[in-house]
Amino acid sequence: MISCASAGIFSGYALAADKLDCAEYLYRNVNISNKLELFWKVFAKGLLSDYLYSLTAHGDYLSIPMCFPVCYVPILSAEYYWLYGGFNRVWNKYMFAAANYPFLQLRPSLIKGRLAIDGGAVDNIPLFPLLKSKSASFAPSELDLIVIMHFDSRYDYRNNFVTDTPILDLDLSYCNGFKKAHCDYSTETVEERLSKSYEYGNVIADKLFSGDCSRESLRGAIDEIFLREHAERQRNLSLDRFMTILNTVGRVLRKDGKCIKKLF
C-alpha cells in the first residue's frame, strides 16, 4: 500500500504503476537551479501538471493500491482517495488537485463544485489511511512494515498514532547532509541527490532485511536506525516545518478526515 501527499503523488504513482524509470527521467530533466525560474515554470507554465500528464497514460495498471489526500477549502476538510487497477482518466483531475497549491498553480482545481487544493495542507504525511482505513480492501493488522519518508526532522508519528505495526520514520534530508537547496534542480544537483539516495536506500534495506524479517527483528533494526539518525535530525531545521504547522491547524479544522473514497 502506498499513501502519499502533495508532490509525493508523482513518486507514489510511479511506484504503484511500475514507472519509476519514467519518474526518474522527468526528474533528471528539470534542470532548473534558479528559484525564480522554478516558480515561473511551475506557476505560469504548469510544470507540475505537464509532468503529471507525462507520467500517467492509458494502459497504466496500478498493481499496488495508492492513496492521497485532497484538501477542500475554506474549512480545510480532508478527503482520501484510493487508486488501484487499470488507469481511469478521472484520476488526473484528483491527482492534479492533490498537488495544487494556490500559489504554485495558475489554474484552480474544482471538484464537484468545491475548491480543492494540495492535500499536504491538512495531511502532509498521510499515515492515517494506512492505520485507520477499514474500507480500502485490506486490514491494518495485515501490514508487516510501514516506511514513512518525509522532510520534517521533528516529525514523530507517535504524537498522533498508536500501533503495533513496525514503522520506520526517515527524514530524507539525512542522506543529503540536510542541505536546504530544495529549489535547486540543476542536472548536477539532481545527479548527486540520486546517487546519495541510492546509497542510503541500500544501507537502510540491508539493515532491515538482513535478518529473519520478523516483527521483532524489524523493530530492532528500526530502533538502531532511529538512534543513529535522531541526534543529527534534532540539530537541523526541517524543510517541511511550515507544512507541519499547517497540518496542526488542519487537524483541528477538518471535518471529514475519515472519508475514504475509491476512484477505481
Side-chain angles (χ1 to χ4, degrees), residues 1-27 48-72 77-101 109 111-112 116-151 157 161 163 165 167-170 172 197 201 240 243 247 254 256-264:
M1 310 296 170
I2 299 172
S3 184
C4 46
S6 192
I9 63 173
F10 295 97
S11 300
Y13 185 92
L15 181 58
D18 193 21
K19 299 181 72 172
L20 288 173
D21 55 341
C22 179
E24 183 174 332
Y25 172 81
L26 293 172
Y27 187 46
L48 292 180
S49 57
D50 288 347
Y51 272 39
L52 175 61
Y53 289 115
S54 296
L55 182 63
T56 61
H58 291 286
D60 288 351
Y61 187 88
L62 272 63
S63 58
I64 305 173
M66 167 186 164
C67 181
F68 56 87
V70 173
C71 175
Y72 292 92
S77 60
E79 293 190 6
Y80 297 87
Y81 297 96
W82 286 89
L83 311 182
Y84 183 62
F87 178 82
N88 187 321
R89 63 182 181 179
V90 76
W91 292 0
N92 279 340
K93 179 177 182 180
Y94 287 83
M95 291 172 66
F96 178 81
N100 189 358
Y101 251 109
S109 290
I111 296 179
K112 295 182 179 179
I117 66 170
D118 194 313
V122 287
D123 197 354
N124 198 38
I125 305 176
L127 183 58
F128 166 81
L130 296 182
L131 294 178
K132 300 297 184 180
S133 172
K134 295 182 179 180
S135 59
S137 303
F138 72 98
S141 60
E142 295 175 356
L143 297 176
D144 297 313
L145 172 67
I146 294 177
V147 180
I148 307 174
M149 294 180 286
H150 56 82
F151 295 97
Y157 72 89
F161 300 100
T163 178
T165 302
I167 297 180
L168 174 62
D169 166 20
L170 299 175
L172 299 184
S197 65
D240 278 351
M243 299 297 296
N247 284 187
R254 69 190 186 201
D256 52 345
K258 294 184 179 181
C259 181
I260 307 289
K261 297 186 178 181
K262 298 180 182 180
L263 298 179
F264 58 87

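Start at 1 with the first residue, then count along the sequence. What you see is a predicted model, and the numbers here were worked out from it, not measured in a lab.
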* Structure fact -> Residues A121 and N247: closest non-hydrogen pair is O-ND2, 3.1 Å

* To do: Say whether, by atom type as modelled, one donor and one acceptor occur between the side chain of Y51 and the main chain of L26 under 3.5 angstrom.
  => yes

* Qualifying residues under ring pair (Phe, Tyr, Trp, His ring centres under 6.0 Å), relative to F87, sequence neighbours excluded -> H58, W91

* Evaluate the side-chain proximity of Y72 to V122: yes if any heavy-atom separation is below 4.5 Å, no if none is. => no

* Nearest-0.5 Å distance, CG of residue L20 to OH of residue Y27 -> 13.5 Å

* CG-SG distance between L263 and C67, expressed to the nearest 0.5 angstrom -> 9.5 Å

* Where S49 and F96 come nearest, the two heavy atoms and their spacing -> CB-CE1, 3.3 Å

* **Least distance between heavy atoms, P126 atom then A5 atom** => CD-CB, 3.9 Å

* **Value rounded to 0.5 Å, distance of CG in L62 from CG in N88** => 11.0 Å

* Asked: Take atom CG in D18; do more than 12 heavy atoms of anything else shown fall under 6.0 Å from it?
  -> no

* To the nearest 0.5 Å, what is the distance between CG (L172) and CE (M149)? -> 6.5 Å

* Where do F68 and A98 come nearest, in terms of heavy atoms and distance? -> CD1-CB, 3.5 Å

* To do: Search all heavy atoms of N100 against all heavy atoms of S109 and return the closest pair with its distance.
  => ND2-OG, 2.9 Å

* **Reported CD1-to-CE distance for the pair I9 and M66, which is rounded to 0.5 angstrom** => 5.5 Å

* Structure fact -> Separation between CZ (F10) and OG (S54), nearest 0.5 Å, reads 9.5 Å

* **D169 and H150: CA distance, side-chain angles, deciding distance, side chain to side chain contact (heavy atoms under 4.5 Å, CB included) verdict** => CA-CA 8 Å; D169 166 20; H150 56 82; 2.4 Å; yes

* Do any N or O atoms from the side chain of D60 and from the backbone of A57 form a donor-acceptor pair under 3.5 angstrom? -> yes

* To do: Taking all non-hydrogen atoms of both residues into account, name the closest pair between I148 and L127 and its distance.
  => CD1-CD2, 4.0 Å

* Asked: Is the count of non-hydrogen atoms from other residues, nucleotides or ligands lying under 6.0 Å from Y25 atom OH greater than 12?
  -> no

* Asked: Quick one: are W82 and P129 in side-chain contact, heavy atoms under 4.5 Å?
  -> yes

* Asked: Does K93 reach the main-chain N or O of I111 with its side chain, forming a donor-acceptor pair under 3.5 Å?
  -> no

